[in-house]
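A, B, ... follow the sequence lines: proteins, then strands. Residue 1 opens every chain.
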2 protein chains.
Amino acid sequence: MSQTVDRALSILPLLAEGPADLGQVADRLGVHKSTALRLLRTLHEHGLVYRQSDQRYRLGARLFALAQEAMENLDVREIAHAHLVRLNEECGHTVHLAVYEENEVLYIDKVESRYPVRMYSRIGKPVAITVAAVAKLLLADLPEHERRALAEKLDYPMYTSRSTPNPAAFLRELDTVREQGWATDLGGHEESINCVAAPIRGADGKVVAAMSVSAPNVVVTADELLTLLPLVRRTADAISGEYSGRTPAELQ
Amino acid sequence: MSQTVDRALSILPLLAEGPADLGQVADRLGVHKSTALRLLRTLHEHGLVYRQSDQRYRLGARLFALAQEAMENLDVREIAHAHLVRLNEECGHTVHLAVYEENEVLYIDKVESRYPVRMYSRIGKPVAITVAAVAKLLLADLPEHERRALAEKLDYPMYTSRSTPNPAAFLRELDTVREQGWATDLGGHEESINCVAAPIRGADGKVVAAMSVSAPNVVVTADELLTLLPLVRRTADAISGEYSGRTPAELQ
DNA sequence: ATGCGTGTTGCACAAAATGCAACGCACCTG
DNA sequence: CAGGTGCGTTGCATTTTGTGCAACACGCAT
């Protein structure tokens, strides 16, 4: 595609890790300093990169503004948010909202647990796609060929002994999930954390997002968490209804 | 500087206005379709641009991930330090930087007064939350319900006759502080010590930290200290600008 | 079939990006 | 204070790389 642009864009994730100086950027890109300088200057002009007082470069304000706008284009998030908050108030655990995009599953909203022990996650961060309950729901709804192709392409890291080990097992799991209309992750990502998740569907029945409730074993056992399933499904259905225009928010 | 990158980056704000197809992008860039195509493809590979089902392009969710990660790796303390030192050189008094965390306000940086009479404080030590100027700023920015809940939970020790006596008085003080955008502590913690403080805000306008200048009566009167307010606010604004990655041009 | 509006590909040419080497500059260090 | 080291920065010759063109492919409506 375009080498120059490709290099320039590679700078962004690099700076997301933290500020870096010209030399570091040039090294990690594998280009001459002068080349890196010109790329950084261009990024700077567009406000995507900022030069702090110690001369090092970091991501700039413009990027935050763009991210904000990108968010606003995802209207599921806006509709879902109030429901997620309410669910969190009812059960107290961490609530996540995720979408599938370009072979990745991304968290796009999160309401923190009210318990002191919290699970780590980050809005915008790609999800552990082979084990996360929300990922199973989103992938289970893909057309067959796409699903198979993706399953073959993925890595299957064994986060724990319960992680999905290979494509075959994953595809079987996705079939089950599609069948039952909900999904779980019982210690597949981190030994002590369990999730239950339910799908959010658009007017045409396609899964547009998925939401989950997560809690560590020390707070509730997996069995206890599973008793929340009806509540989670009801919340997801409420969001689906509002998203597809069936149930205006005012009526609830 | 770099034409190709420049063109590619110009696509982002364009798509921020709303989804567009190849032709529209090419037109607005003033380039041939094939050129626009290659640029879009490169952006796409980096996840900054997403191709929706109707083939049109829009901003991708990856932008989040970047912005979010960058935020997380930002260190107010690191960015603020040089500014605090400069402020101390200009006025000579003790300068503090504080953040709110888990129902407490903590000093995270300090530059000592150059006068022989110093006030006692320690980095990492919780601040007298009901009276300190920095605490007022940080709490004033909390969401209403959280602020009320916290105000009720706190103790109101009468360090001096001017200490905040109760939740109602505290909430009133916080409203004033939020309104005016700065705060003071005039002998509320120790009879002879006054402070002026200003907030430091992130890209989203949220108060992420607060800074203050403190001095005992024997060095400067409260009125004299207040004349430093513009300087303190300017410093805080400079830190805010740098923290949120604004370019000088956008800063005005 | 036919025409129109898309997006997409291969290619020749020219422009634009690259790496180099040299310079400026601030900061140490002996 | 001379000399050295580690940065960022600049001008320039070289050629890689991006560009626009024209042609093609595809879907859709007429």
If the condition is salt bridge (charged side-chain N to carboxylate O under 4.0 Å, His left out), which residues does [X] pass it with, not counting sequence neighbours?
X      : value
R56(B) : D54(B)
R38(B) : none
E17(A) : R28(A)

Legend entry - Short side-chain to backbone donor-acceptor contact, R178(A) and A140(A), under 3.5 Å: yes
Inset, instruction - Shoot me the first and last contacting nucleotide of DNA chain D against chain A, ordered 5' to 3', at under 4.0 angstrom to non-hydrogen atoms. - result: dG8(D) to dG18(D)
Inset, instruction - Would you please classify the geometry between the H189(A) ring and the Y159(A) ring as parallel, tilted or perpendicular, with 30° and 60° separating the classes? - result: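 Aromatic pair Y159(A)/H189(A) classed perpendicular.
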Inset, instruction - Just say parallel, tilted or perpendicular for the rings of H96(A) and Y107(A), cut-offs at 30° and 60°. - result: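 Correct class here is parallel.
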Between the protein and nucleotides 20-23 of chain C, which nitrogen or oxygen pairs come in under 3.5 angstrom?
residue	atom	partner	partner atom	Å
dC20(C)	N4	S34(A)	OG	3.2

Can you check the [X] [atom1] to [N] [atom2] distance for me, whole Å?
X      : N       : atom1 : atom2 : value
M1(A)  : dG10(C) : CE    : P     : 11 Å
L40(B) : dT9(C)  : CG    : P     : 14 Å
R41(A) : dT18(C) : CZ    : P     : 14 Å
Q24(B) : dT6(C)  : CD    : C1'   : 12 Å
L37(B) : dG10(C) : CG    : P     : 12 Å

Inset, instruction - Give me the residues of residues 10-23 of chain A where at least one heavy atom lies under 4.0 Å from an atom of DNA chain C, by number, or none. - result: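 Result for residues 10-23 of chain A: none.
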Inset, instruction - Give one of base, sugar-phosphate or nothing for R56(B), where a contact means two heavy atoms less than 4.0 Å apart. - result: nothing
Inset, instruction - Applying ring pair (Phe, Tyr, Trp, His ring centres under 6.0 Å), name anything that partners Y100(A), two or more places apart in sequence or on another chain. - result: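 Scan of Y100(A) (ring pair (Phe, Tyr, Trp, His ring centres under 6.0 Å), adjacent residues dropped) gives none.
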Inset, instruction - Return the angle between end axes of the helix from dA1(C)-dT30(D) to dG30(C)-dC1(D), with five pairs used per end and rounding to 10°. - result: 30°
What residues, two or more places apart in sequence or in another chain, satisfy side chain to side chain contact (heavy atoms under 4.5 Å, CB included) together with [X]?
X       : result
A197(B) : A133(B), V134(B), L137(B), S212(B)
A36(B)  : L22(B), V25(B), A26(B), V31(B)
D141(A) : R201(A), K206(A), V207(A)
Q55(A)  : R51(A)

Inset, instruction - Start with the C-alpha gap between R148(A) and E146(A), add the side-chain angles, then the distance that decides, and say whether salt bridge (Lys or Arg N to Asp or Glu O under 4.0 Å) holds. - result: CA-CA 5 Å; R148(A) 299 192 83 86; E146(A) 207 172 325; over 6 Å; no
Legend entry - S2(B) vs dA17(C): side-chain N/O to OP1/OP2 distance below 4.0 Å: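 For dA17(C), OP1 or OP2 has a side-chain N or O of S2(B) closer than 4.0 Å.
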Inset, instruction - State, with a plain yes or no, whether a side-chain heavy atom of M1(A) is found less than 4.5 Å away from one of E45(B). - result: yes
Inset, instruction - Map Q55(A) and Q3(A) onto DNA chain D by nearest heavy atom, then report which one ends up closer to the 5' terminus. - result: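 Nearest-nucleotide comparison on DNA chain D picks Q55(A).
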